[in-house]
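Letters A, B, ... are given to chains in the order of the sequence lines, protein chains preceding strands, and every chain is numbered from 1.
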Amino acid sequence: MKTFPRGGIHPPSNKLSSGEAILPLSLPASVVVPLSQHIGAPAVAEVAKGDRVVVGQLIGKAGGFVSASVHSPVSGTVTAVEPLANGSGIKTPSVVIAVEGDEWLPSIDRSPELVPECRLEGPEILSLIADAGIVGMGGATFPTQVKLSPPPGKKAEILIINGVECEPYLTSDHRVMLEHPSQVLVGVGLIARALGVEKIFIGIENNKPDAIELLRKVASEMVRVLPSIEIVPLKVRYPQGGEKQLITAITGRYVPSMGLPIDIGCVVQNVGTALAVYEAVQKRKPLIERVVTVTGKGLGQPSNFLARIGTPVSALIEAAGGLPSDAQKVIGGGPMMGRAMSNLDAPVTKGTSGILVLGASEAARCAETACIKCGKCVTVCPMALEPYLLSRLVQKQRWDEAEAGAIFDCIECGSCAFTCPARVPLLDWIRLGKTEVNKIIRSRLSC
Amino acid sequence: MGDVLIALAPALAVSTWVFGAQVLAITVVAVGACVAFEWLIQRYLIKGPATIGNLSAVVTGVLLAFNLPSSIPLWLVILGAFVAIAIGKMTFGGLGKNPFNPALVGRVFLLIAYPVQMTSFPSVDGSSGATPLALAKGVIKGGGSVSDVMSQVNFGDLFFGNHGGSFGEVAALALILGGLYLLARKVITWHIPLAVLGTMALFSAVLWFVAPDSYLSPAFHLLTGGAILGAFFMATDYSTSPMSRSGGLIFGVGIGLITIVIRIWGAYPEGMSFAILIMNSLVPLINRIKPKRA
Ligand code: SF4
Ligand code: SF4
């Protein structure tokens, strides 16, 4: 069975909610919709205080080439357009809407019927994707239409759909594959047509045999309307869902240092994104809701919710049984790559794949001791970096050497810190180093 | 570190059985002295938080003891422990920062400063007190042939520890068991031990094949002296071995080569300690070889 060739770890998977069907979450009283939920320029507000909006209506227009539009996830009245704190406590311009009823834009097809056929050409599909404000739903939140438009001179040959979900605890992609297999596959076909590629793979780790089997079955049933799609089972290993690891696992090709997948003819999209593309193109439904895993060992009912964008995180935790008394830390995303949240009033955004509540015992950080030079961080690094060295260089502010040590190739998977017996916060140092080195490179470019 | 102690336990038991209770006394003194010196230095010179809880000083103590003859006076053990911990480890800042294996620093210091006490081994079962390697070196240097050596050495004794030598080195079987335990517990990987022992075997096999009368067999080389203790327990020390697995292979091959060269052409009958220390000094260089990307 295939997997990536270097490094990696096996953290406990803790998929508490993998058996929980996706539940639509009831509408909150009001939503906070940030205009910047993606990588790139923030969207520009199209509404003002007092405006009435309906579900699916454009409220923020893409603010540049690398940007994404934002749509109203609810119907109601705009009560404010102002900077509000996101999950990390940083203020970003947001649209606040008081919810009234649930009135949808009439152009959106809300029927549950599958629409498998599509006569549109690539560019038309791309513009529908852009209009719907779709971004990478795995958490990267890179605007999808940009990723699907290779720069001049580069050509996509292979489309890889990421159904790995190697991050512990998270189950939203797994549930999407189980509950919407046909929609996902049609979405995959649409992405392939937009890119003009014929080789299509869906990578799924073999701890999800039900999803592998179901997608294979549905793909063979729909063979007349779909291009040929190969479902590739992968041996469980973190971080297989890393773009570069997944590409190498499936194709044997390597993304060059500082390069992009498109440099070797590959494009990777997440299964959640494929579903969003299906809904955008076939149902004309913009990205206004997403599946969010809400989980944690102390939660009464770990769940997978279909939540409108802008719903406060606290409402999701409430619906999953409420914050347990020993809750210590809430993480946006999974335990490996997620970020601690300082503000539970912050909204669900397009990139929120999960919310993880950790109790005191899990959240406690053991005391750091001196590096014992065991080399384990080097062995597990999937990018063949030397984490102990990079973190030391960052501590000593030796930025040139950190840059030469390929600090930018770090995919922030956290395998090194997870493995370190001395509990050196390697990833924290490396992240800090990346920010600093980035500043230096930028100042170099500007002079 | 606890795993390393567990892995060393069988060899300690065998040595106690072969050489008597003195073995336990030496081990206890070595461990006690190492821990005490580390605690004192950390407390009064470095003035940092206590580090003895990581058990590394205990491991150093046991390994130092294992490298001593059972007849050594206890005050020398304490001196060795001082050199190992104070000079070999704490001067560099403690665990993880020391370039040389502390136990070997202590041992080699004693070997050079007190050669008589360090090389007079008590006799076992009436056989001469010399180690098999020293015996062989004497015979071959004196013009004798390897078969003369073999007539005096029993391979079963080598395997089970029933022969002269530093007390922790002799029990090949018990040490191999300990090494396998470390591998199973993923404390070490196979790269360094295999490279050390494989190189020793290969190098000695070539010589032995060419002139079986003048050179000892690979089996003899592997089962005598510090080969197994060194390969599994000393060369694999985290702080003083390379970071990457491929670096570990280079490091191990170097140790194997140098050991055999010293054993055959050098002034000392055994070269494992020197070989490891020499390769320790090359680790920063080996670490400059970057892991292979793509
Ligand atoms: S250095 Fe970066 S890529 Fe390597 S293991 Fe650590 S976090 Fe992952
Ligand atoms: S894993 Fe931790 S202790 Fe081991 S070399 Fe890396 S930083 Fe040092």
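- In the displayed structure, B:R185 atom CZ is contacted under 6.0 Å by at most 12 heavy atoms of other residues, nucleotides or ligands.
- Taking the side chain as every heavy atom from C-beta outward, B:K290 and A:E386 approach each other to under 4.5 Å.
- Of the listed residues B:P49, B:S239, B:G248, B:S56, the one with more heavy-atom pairs under 4.5 angstrom with chain A than any other is B:S239.
- Using modelled atom types, no side-chain atom of A:K373 and backbone atom of B:Y238 make a donor-acceptor pair closer than 3.5 Å.
- Using a 4.5 Å heavy-atom threshold, the side chains of A:T379 and B:S244 count as separate.
- Within 6.0 Å of atom NZ in A:K434, more than 12 heavy atoms from other residues, nucleotides or ligands are found, so the atom counts as buried in its surroundings.
- Counting non-hydrogen atoms of neighbouring residues, nucleotides and ligands closer than 6.0 angstrom, the CE atom of A:M258 reaches no more than 12 such neighbours.
- Other residues, nucleotides and ligands contribute more than 12 heavy atoms inside 6.0 Å of the CD atom of A:E412.
- Scanning all heavy atoms of the two residues, the minimum distance from A:V378 to B:P291 falls at CG1-CG, 4.0 Å.
- Contacts between residues 98-110 of chain B and chain A, defined by a heavy-atom separation under 4.5 Å, are made by no residue at all.
- Per-residue heavy-atom pair counts under 4.5 Å with chain A were compared for B:L95, B:T189, B:T236, B:I188, and the maximum is reached by B:L95.
- In terms of heavy-atom pairs under 4.5 angstrom with chain B, the leader among A:G375, A:C374, A:C377, A:P421 is A:C374.
- Using a 4.5 Å heavy-atom threshold, the side chains of B:K97 and A:I372 count as separate.
- Atom NZ of A:K155 has more than 12 heavy atoms from other residues, nucleotides or ligands within 6.0 Å.
- To the nearest 0.5 Å, atoms CE (B:M243) and NZ (A:K376) are separated by 12.0 Å.
- At a heavy-atom cut-off of under 4.5 Å, chain A is reached by no residue from residues 27-46 of chain B.
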